[in-house]
Undergrad: 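First the structure, which I've put down as structure tokens, then a few questions once you've had a look.
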Amino acid sequence: MIKAGKTEKDDFIPNFPSSQFNHIVLCVPLERDTTWLECTSQSQAVGYMGDFTGDRYALAITPEGGKLIRTPRYTRKDNFLHRKAEVQISAEGHATAQVRTQYSGLQQDEGYIDRYATFAPDEQKKWLYEKIKLANFEIKSFQLTRQKTRIPVVTENLSLQINALAAKSGKRLFLQPNLLSKWEVLPAEMENRRSAVEVSLYDYVDNDTIQFQLPEGYFLEHKPEDVAFKSAFGEYQASVKFEGRTVTYIRKMSVNRGSFPK
């Protein structure tokens with residue numbers, strides 16, 4: 001018996017015997033491990049609990065009586081996003097891109113990515129146009145596949161035509177190297193904060209490696225400084241490498257779960 005829901009796990013009071021549950025799953029104790037089965041879902045990967053029933057107390061009904069136990073918690077190594085892209089840029093600033101992204105664990109839960117991996121192709125394409133944050137692009141081809149392993153993974157393969165990816169000015173092209181992982185909203189600054197801060201409900205890590213092939217006759221005029229920043233909330237690294245006409249942008253962002261005092 002579990003109190004299910006994305007945020008309800010923190011509301012549970014373990015030392016007050018009472019009916020605090022709204023959901024039931026099947027727990028199968030094995031010799032060396034335990035398998036959890038979400039019997040109300042026809043599509044959930046076997047043994048995976050996600051953010052709906054994972055990382056919280058459960059009341060196990062056993063032949064010896066009730067036992068208060070914890071359901072699996074998914075860590076940073078489970079909740080990753082790995083993205084690799086190869087981008088060809090023309091002298092006019094237009095581009096073609098081949099992008100492969102893997103969403104694992106709670107990252108494939110985010111935005112119902114796991115559900116869309118099972119939808120019909122026309123629904124998938126409509127969703128991808130809504131999800132991809134580029135100003136002017138066309139999806140030439142795509143594929144969404146899902147591995148229903150204990151920690152499920154959704155793989156997204158995209159072939160994109162992107163108009164004006166690089167801004168042309170005279171003989172120069174201006175390029176923003178972060179292709180698909182820009183944060184669109186920044187938290188408002190507050191000088192006299194009164195409440196705790198919760199950055200994320202779970203630990204996760206994003207890794208991006210984007211290779212840009214510059215057009216003939218172009219070279220890197222300005223290389224941004226490498227960035228490395230670490231705090232209680234997580235870690236961020238970004239760097240740009242240049243070899244021949246290839247510019248490689250590498251970005252890693254690791255976020256810590258938890259509530260932080262004001």
Undergrad: Starting from Leu26, can I reach Ile2 by hopping between I/L/V/M/F/W/Y residues whose side chains sit under 4.5 Å apart?
TA: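 Different clusters: Ile2 never reaches Leu26 through Ile, Leu, Val, Met, Phe, Trp or Tyr contacts under 4.5 Å.
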
Undergrad: Looking at Arg73 and Asp203, is any side-chain nitrogen of the basic one under 4.0 Å from a carboxylate oxygen of the acidic one?
TA: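 Salt bridge between Asp203 and Arg73, a charged N being under 4.0 Å from a carboxylate O: yes.
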
Undergrad: When you compare the side chain of Thr248 with that of Ile210, does any pair of heavy atoms fall below 4.5 Å?
TA: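 Sidechains of Thr248 and Ile210: no contact.
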
Undergrad: When you measure from the side chain of Asn207 to the backbone of Lys252, do you find a donor-acceptor pair of N or O atoms at a distance under 3.5 Å?
TA: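 It does not hold such a pair.
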
Undergrad: Going hydrophobic residue to hydrophobic residue with side-chain gaps under 4.5 angstrom, can you get from Phe219 over to Val87?
TA: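 Yes, Phe219 connects to Val87 through the hydrophobic network.
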
Undergrad: Is the closest side-chain donor-acceptor distance between Glu38 and Thr40 under 3.5 Å?
TA: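 Side-chain D/A pair, Glu38 to Thr40: present.
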
Undergrad: Tell me if the aromatic rings of Tyr48 and Tyr74 count as close, with their centers under 6.0 Å from one another.
TA: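 Yes, they do, as the ring centres are separated by less than 6.0 Å.
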
Undergrad: Going by atom types alone, do Gln107 and Asp206 pair a side-chain donor with an acceptor below 3.5 Å?
TA: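 There is such a pair (donor and acceptor under 3.5 Å, judged by atom type) between the side chains of Gln107 and Asp206.
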
Undergrad: Determine the minimum heavy-atom distance between Val154 and Asp114, stating which atoms define it.
TA: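 In terms of heavy atoms, the two residues are closest at CG2-CA, 3.9 Å.
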
Undergrad: Counting only heavy atoms from other residues, nucleotides and ligands, does the tally under 6.0 Å from CZ of Arg115 exceed 12?
TA: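 Check fails, neighbour count at 12 or below.
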
Undergrad: Surrounding CZ of Phe21 (heavy atoms of other residues, nucleotides or ligands, distance under 6.0 Å), is the total greater than 12?
TA: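 Enclosed: over 12 neighbouring heavy atoms sit under 6.0 Å from CZ of Phe21.
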
Undergrad: How far apart are the C-alpha atoms of Val227 and Tyr236, what are their side-chain angles, what is the distance that settles it, and do they pass the side-chain contact (heavy atoms from CB on, under 4.5 Å) test?
TA: CA-CA 8 Å; Val227 176; Tyr236 181 86; 3.9 Å; yes

Undergrad: Using a cut-off of 6.0 Å, state whether more than 12 heavy atoms not belonging to Arg150 lie near its atom CZ.
TA: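 No, because the 6.0 Å sphere around CZ of Arg150 holds 12 heavy atoms or fewer from other groups.
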
Undergrad: Taking the six-membered ring for Trp and the full ring for Phe, Tyr or His, determine whether the centres of Tyr103 and Phe80 are under 6.0 Å apart.
TA: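 Between Tyr103 and Phe80, the centre distance exceeds or equals 6.0 Å.
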
Undergrad: Does a side-chain heavy-atom distance below 4.5 Å link Pro152 with Arg146?
TA: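 The answer is yes; the side chains approach within 4.5 Å.
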
Undergrad: If only atom types and distance count, is the side chain of Thr246 paired as donor or acceptor with the main-chain N or O of Gln213 below 3.5 Å?
TA: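 Answer holds: no.
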
Undergrad: Compute the centroid of each ring, for Phe212 and then for Tyr249, and state whether the two points are separated by less than 6.0 Å.
TA: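 Distance test on ring centres: not under 6.0 Å, no.
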
Undergrad: Could you list the residues that satisfy side-chain hydrogen bond (donor to acceptor under 3.5 Å, both in side chains) with Thr101, not counting sequence neighbours?
TA: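 Here the qualifying residues are Arg83.
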
Undergrad: Between Gly50 and Leu106, what is the shortest heavy-atom contact and its length?
TA: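 In terms of heavy atoms, the two residues are closest at C-CD2, 3.6 Å.
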
Undergrad: Under 6.0 Å from the NZ atom of Lys223, do we count more than 12 heavy atoms belonging to anything else shown?
TA: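 Enclosed: over 12 neighbouring heavy atoms sit under 6.0 Å from NZ of Lys223.
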
Undergrad: Could you tell me which non-hydrogen atom of Lys168 sits nearest to which non-hydrogen atom of Ala91, and how far apart they are?
TA: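 Heavy atoms only, the tightest pair is NZ-O, 3.2 Å.
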
Undergrad: Is there a side-chain contact (heavy atoms from CB on, under 4.5 Å) between Phe174 and Ser169? Walk through the geometry before answering.
TA: CA-CA 8 Å; Phe174 293 89; Ser169 178; 3.7 Å; yes

Undergrad: Without swapping roles, check the side chain of Arg76 against the backbone of Val255 for a donor-acceptor pair under 3.5 Å.
TA: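 Yes, the answer is positive, given that a donor and an acceptor are paired below the 3.5 Å cut-off.
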
Undergrad: Kindly indicate, with the supporting measurements, whether the criterion side-chain hydrogen bond (donor to acceptor under 3.5 Å, both in side chains) is fulfilled by Glu198 and Ser259.
TA: CA-CA 5 Å; Glu198 187 168 57; Ser259 181; 5.6 Å; no

Undergrad: Is it the case that atom NZ in Lys67 sees more than 12 heavy atoms from other parts of the structure closer than 6.0 Å?
TA: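 Check fails, neighbour count at 12 or below.
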
Undergrad: Kindly say whether His94 contributes a backbone atom to a donor-acceptor pair with the side chain of Ser90 at under 3.5 angstrom?
TA: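 It does hold such a pair.
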
Undergrad: Do Asp208 and Lys84 sit within salt-bridge range, that is, some charged N less than 4.0 Å from a carboxylate O?
TA: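 Between Lys84 and Asp208 there is no salt bridge, as every charged N stays at least 4.0 Å from the carboxylate O atoms.
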
Undergrad: Testing the 3.5 Å rule here: is there a donor-acceptor pair between the side chains of Gln88 and Thr96?
TA: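 Side-chain D/A pair, Gln88 to Thr96: absent.
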
Undergrad: Is it the case that one hydrophobic cluster holds both Phe119 and Val153, taking links as side-chain heavy atoms less than 4.5 Å apart, direct or via other members?
TA: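 No, Phe119 does not connect to Val153 through the hydrophobic network.
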
Undergrad: I'd like to check Glu138 versus Leu160 (side-chain heavy atoms, cut-off strictly below 4.5 Å). Are they in contact?
TA: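 In short, these two side chains do not touch, never coming nearer than 4.5 Å.
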
Undergrad: Pair Arg100, Glu86 - check salt bridge (charged side-chain N to carboxylate O under 4.0 Å, His left out), show working.
TA: CA-CA 9 Å; Arg100 176 183 172 86; Glu86 295 182 359; over 6 Å; no

Undergrad: Can you tell me how far the CG atom of Leu165 sits from the CG atom of Leu134, to the nearest 0.5 Å?
TA: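 The CG atom of Leu134 is 7.5 Å from CG of Leu165, to the nearest 0.5 Å.
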
Undergrad: Using the rule that Ile, Leu, Val, Met, Phe, Trp and Tyr join whenever any side-chain heavy atoms are under 4.5 Å apart, tell me whether Leu175 and Ile132 fall into a single cluster.
TA: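 Yes, because Leu175 and Ile132 connect within a single hydrophobic cluster, where side-chain heavy atoms sit under 4.5 Å apart.
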
Undergrad: Could you tell me whether Asp51 and Arg56 have a side-chain N and a carboxylate O separated by less than 4.0 Å?
TA: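 No salt bridge links Asp51 with Arg56.
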
Undergrad: Decide side-chain contact (heavy atoms from CB on, under 4.5 Å) for Lys262 and Ser195; before the verdict, give the C-alpha distance in whole Å, the side-chain angles of both, and the deciding distance to 0.1 Å.
TA: CA-CA 5 Å; Lys262 62 180 180 180; Ser195 304; over 6 Å; no

Undergrad: Quick one: does Arg70's side chain get under 4.5 Å of Asp55's, heavy atoms only?
TA: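 A side-chain contact under 4.5 Å exists here.
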
Undergrad: Please walk me through it: do Glu216 and Arg245 pass salt bridge (charged side-chain N to carboxylate O under 4.0 Å, His left out)?
TA: CA-CA 8 Å; Glu216 192 74 41; Arg245 289 191 293 117; 3.6 Å; yes

Undergrad: Return the NZ to CG distance between Lys230 and Asn256, rounded to the nearest 0.5 Å.
TA: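 Spacing of NZ (Lys230) from CG (Asn256) equals 9.0 Å.
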
Undergrad: Answer yes or no: is there an ion pair linking Arg172 with Glu221, defined by an N-O contact shorter than 4.0 Å?
TA: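 Here Arg172 pairs with Glu221 in a salt bridge, since their nearest N and O are under 4.0 Å apart.
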
Undergrad: Just checking, any donor-acceptor pair under 3.5 angstrom between side chains of Glu235 and Gln237?
TA: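 Yes, side-chain donor-acceptor contact under 3.5 Å.
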
Undergrad: Could you tell me whether the side chain of Leu144 reaches within less than 4.5 Å of the side chain of Thr155, counting heavy atoms only?
TA: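 SC-SC contact between Thr155 and Leu144 ruled out.
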
Undergrad: Does the side-chain contact (heavy atoms from CB on, under 4.5 Å) test come out yes or no for Val25 and Leu37, once each step is laid out?
TA: CA-CA 6 Å; Val25 300; Leu37 302 177; over 6 Å; no

Undergrad: Would you indicate whether the side-chain heavy atoms of Val99 and Leu179 approach each other to under 4.5 Å?
TA: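 Yes - at least one pair of side-chain heavy atoms lies under 4.5 Å apart.
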
Undergrad: For a 4.5 angstrom cut-off between non-hydrogen side-chain atoms, does Tyr204 reach Met253?
TA: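 Counting from C-beta outward, Tyr204 and Met253 do come under 4.5 Å.
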
Undergrad: Around Phe229, counting heavy atoms of other residues, nucleotides and ligands shown, do more than 12 lie under 6.0 Å from its CZ?
TA: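 Count not over threshold, so no.
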
Undergrad: Output the distance between atom CD (Gln147) and atom OG (Ser104), rounded to the nearest 0.5 Å.
TA: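 Taking CD in Gln147 and OG in Ser104, the distance rounds to 9.0 Å.
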
Undergrad: Does either side chain, that of Gln20 or that of Ser18, offer a donor lying less than 3.5 Å from an acceptor on the other one?
TA: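 Distance-only check passes for Gln20 and Ser18.
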
Undergrad: Are Trp36 and Pro72 close enough that some pair of their side-chain heavy atoms sits under 4.5 Å apart?
TA: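 The answer is yes; the side chains approach within 4.5 Å.
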
Undergrad: According to a hydrophobic-cluster definition based on side-chain heavy atoms being under 4.5 Å apart (Ile, Leu, Val, Met, Phe, Trp, Tyr only), do Leu201 and Phe260 belong together?
TA: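 The answer is yes; both residues are in one hydrophobic cluster.
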
Undergrad: Lys148 side chain to Ser43 main-chain N or O, any donor-acceptor pair under 3.5 Å?
TA: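 Side chain of Lys148 to backbone of Ser43, a donor-acceptor pair under 3.5 Å: yes, one is there.
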
Undergrad: Quick one: pull up CG in Asn157 and CD in Gln102 and give me the separation to the nearest 0.5 Å.
TA: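 The distance works out to 9.0 Å.
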
Undergrad: Going by the side chain to side chain donor-acceptor pair (under 3.5 Å) test, which pairs reach into residues 116-127, not counting sequence neighbours?
TA: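 Listed by first then second residue: nothing to list.
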
Undergrad: If you take the centroid of each ring, where Trp contributes its six-membered ring, are Tyr57 and Phe12 closer together than 6.0 Å?
TA: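 Yes, ring centres under 6.0 Å apart.
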
Undergrad: What's the shortest heavy-atom distance between Ile151 and Thr149, and which atoms?
TA: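 Shortest heavy-atom separation between Ile151 and Thr149 comes out as O-OG1, 2.8 Å.
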
Undergrad: What's the separation between atom CG in Leu180 and atom CG in Leu81, rounded to the nearest 0.5 Å?
TA: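 The CG atom of Leu81 is 9.5 Å from CG of Leu180, to the nearest 0.5 Å.
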
Undergrad: Calculate, to the nearest 0.5 Å, the distance between atoms CG and SG belonging to Leu59 and Cys27 respectively.
TA: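 One finds 11.5 Å between CG of Leu59 and SG of Cys27.
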
